[in-house]
Structures are given as C-alpha cells and as structure tokens.
Amino acid sequence: MGIFHRYNSTIHGNYRKAYLRSGLITGLLLSAYVLIRLLMGKPLESPTSYVSDAVMLVAVFLFMAFYRNSLPDKKITLKEAMLFGIGTAVVAAFIYGLALWAFGLAFPQQTALFSTTMTGNEVTTQDPQLHYWAAWWAIYSFVMMALLGSFGAFVAAIFFRNEKSDIKNRKK
C-alpha cells in the first residue's frame with residue numbers, strides 16, 4: 001500500500017512532564033473561575049461557559065508556545081505538539097471535572113442550577129439524587145472540555161509545528 005507512509009519523527013523534549021504541569025495549571029485556572037463565581041454569589045448556569053472555553057483554548061495555545069520555546073533549537077513536530085496539546089487538555093478537563101464535582105457537593109445550589117437550566121426540569125437543593133447530578137455534570141464537563149481542548153490542540157499544533165518528519169522508505 002503506497003498510500004500510507006511511516007514517519008520517522010523525533011521527540012525533542014519531555015512532553016509528558018510538561019503537559020501534566022500545564023494541564024494542572026489550566027485545570028486550576030478553570031476551577032478558580034468557578035470558585036470565584038460561587039463565592040461572589042453568581043453560580044454558573046452551565047458547566048461550560050464562554051469564559052471557561054476561552055481559558056481552555058488560550059491556555060493550550062500559550063502553553064504549547066512556551067513548551068516549543070523551551071525545546072532545544074525550538075523544534076517540534078506535529079506529533080509531539082498534538083501529544084502535548086491533547087495531554088494538556090485531558091489533564092485540565094479532568095481537574096476541572098473533579099472541581100465541579102466537589103463544588104457541586106459543597107454548594108448544592110450550583111448543582112441544582114445546572115440541572116434546572118440544562119434539563120428544563122425543576123431540581124431543588126432537597127433532591128435526594130443531587131449527588132448523582134453533581135457527578136453527571138462533572139463527567140459532562142470533563143468530556144466537553146477535553147473535546148474542546150483537543151480541537152484547540154490540533155489548531156495550535158498545526159500553527160506551532162516547525163519540523164517535518166522524514167518518511168521512511170519501505171524496501172519491497
């Protein structure tokens with residue numbers, strides 16, 4: 001099959017350590033936004049908002065730029081950039097989902113507002129299944145933020161890649 005090529009790409013840095021660190025920082029930024037809103041008495045109406053989406057996209061973009069600039073010769077392949085970006089997005093989404101779950105259990109009015117706004121059914125803070133709703137919104141936000149961050153990682157990887165991989169010649 002001459003259509004498929006095998007690429008010989010070189011990973012220039014320790015992207016696993018970098019995406020764990022940047023994903024943790026991004027997840028904490030997202031969680032801090034929700035906590036500040038809760039402490040101000042203005043809970044979110046949806047687990048994902050324009051502000052949290054923008055924070056995720058900008059953070060993935062900026063951390064990928066920082067990571068590329070920290071590499072020797074500032075060389076990064078599309079593969080390494082994608083692995084870094086998706087890793088950052090998944091770690092950040094996981095931290096954000098855990099924070100929403102914890103905030104949902106600590107602030108039942110937040111979970112009730114999510115459930116009422118998103119489903120259209122009236123859910124009160126006295127609902128016996130409120131802790132299940134908190135877990136549901138945590139899972140929902142994890143999936144949505146991971147998908148959004150992965151899309152942002154793809155765009156940033158295309159933008160930041162500056163080294164093309166060599167194609168291995170397959171001998172027949």
Side-chain angles (χ1 to χ4, degrees), residues 11 13-68 78-160:
I11 302 294
N14 186 358
Y15 67 92
R16 288 184 182 98
K17 181 180 174 185
Y19 76 63
L20 286 173
R21 183 178 53 241
S22 59
L24 180 66
I25 293 169
T26 305
L28 291 175
L29 284 172
L30 291 167
S31 304
Y33 169 69
V34 176
L35 182 62
I36 290 169
R37 291 273 313 240
L38 284 171
L39 294 177
M40 288 175 42
K42 298 179 181 181
L44 296 173
E45 292 183 9
S46 171
T48 56
S49 66
Y50 291 129
V51 174
S52 61
D53 294 349
V55 167
M56 174 65 92
L57 292 175
V58 168
V60 166
F61 197 84
L62 288 176
F63 279 120
M64 192 174 295
F66 293 148
Y67 176 67
R68 184 188 73 173
L78 181 68
K79 174 183 172 182
E80 185 177 6
M82 282 295 298
L83 290 172
F84 173 80
I86 290 174
T88 299
V90 169
V91 170
F94 182 74
I95 299 294
Y96 182 60
L98 283 178
L100 278 185
W101 181 53
F103 295 152
L105 295 177
F107 300 97
Q109 70 272 15
Q110 176 66 71
T111 303
L113 181 61
F114 280 168
S115 302
T116 301
T117 305
M118 299 294 284
T119 64
N121 300 330
E122 184 66 33
V123 176
T124 65
T125 57
Q126 306 306 321
D127 189 349
Q129 295 183 337
L130 202 61
H131 59 284
Y132 292 119
W133 280 109
W136 165 251
W137 295 122
I139 293 168
Y140 172 81
S141 64
F142 166 72
V143 170
M144 296 306 289
M145 293 304 278
L147 289 174
L148 176 75
S150 297
F151 173 73
F154 178 69
V155 172
I158 289 173
F159 183 77
F160 284 115

*How are the rings of Tyr67 and Phe84 set to each other: parallel, tilted or perpendicular (split at 30° and 60°)?*
parallel
Let me have the donor-acceptor pairs involving side chains of residues 20-29, under 3.5 Å, with sequence neighbours excluded, atom names and distances please.
from, atom 1, to, atom 2, distance (Å)
Ser22, OG, Ala18, O, 2.9
Ser22, OG, Thr88, OG1, 3.0
Thr26, OG1, Ser22, O, 2.8

*asked:* To the nearest 0.5 Å, what is the distance between OH on Tyr96 and OG1 on Thr48?
replied: 7.0 Å
*Could you go step by step and tell me if Phe151 and Leu147 meet the side chain to side chain contact (heavy atoms under 4.5 Å, CB included) rule?*
CA-CA 6 Å; Phe151 173 73; Leu147 289 174; over 6 Å; no
_Any non-hydrogen side-chain atom of Phe142 less than 4.5 Å from a side-chain atom of Phe94?_
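Answer yes - side chains close enough.
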*Do Tyr140 and Leu100 have side-chain heavy atoms sitting under 4.5 Å apart?*
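No - every pair of side-chain heavy atoms lies 4.5 Å or more apart.
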*Quick one: list whatever passes ring-ring contact (aromatic ring centres under 6.0 Å, His included) with Tyr19, sequence neighbours left out.*
none
Once side chain to side chain contact (heavy atoms under 4.5 Å, CB included) is applied, do any residues pair with [X], and if so which ones, sequence neighbours excluded?
| X | value |
| --- | --- |
| Phe154 | Met82, Ile158 |
| Val51 | Tyr33, Ser49, Val55 |
| Leu57 | Leu148 |

Nearest heavy-atom neighbours spanning [X] and [Y]:
| X | Y | value |
| --- | --- | --- |
| Met56 | Ala92 | CE-CB, 3.8 Å |
| Ala99 | Ser31 | CB-OG, 3.0 Å |
| Ala93 | Ala146 | CB-N, 3.5 Å |

*Listed once per pair and sorted, the side-chain hydrogen bond (donor to acceptor under 3.5 Å, both in side chains) pairs that draw on residues 147-156, sequence neighbours left out*: none
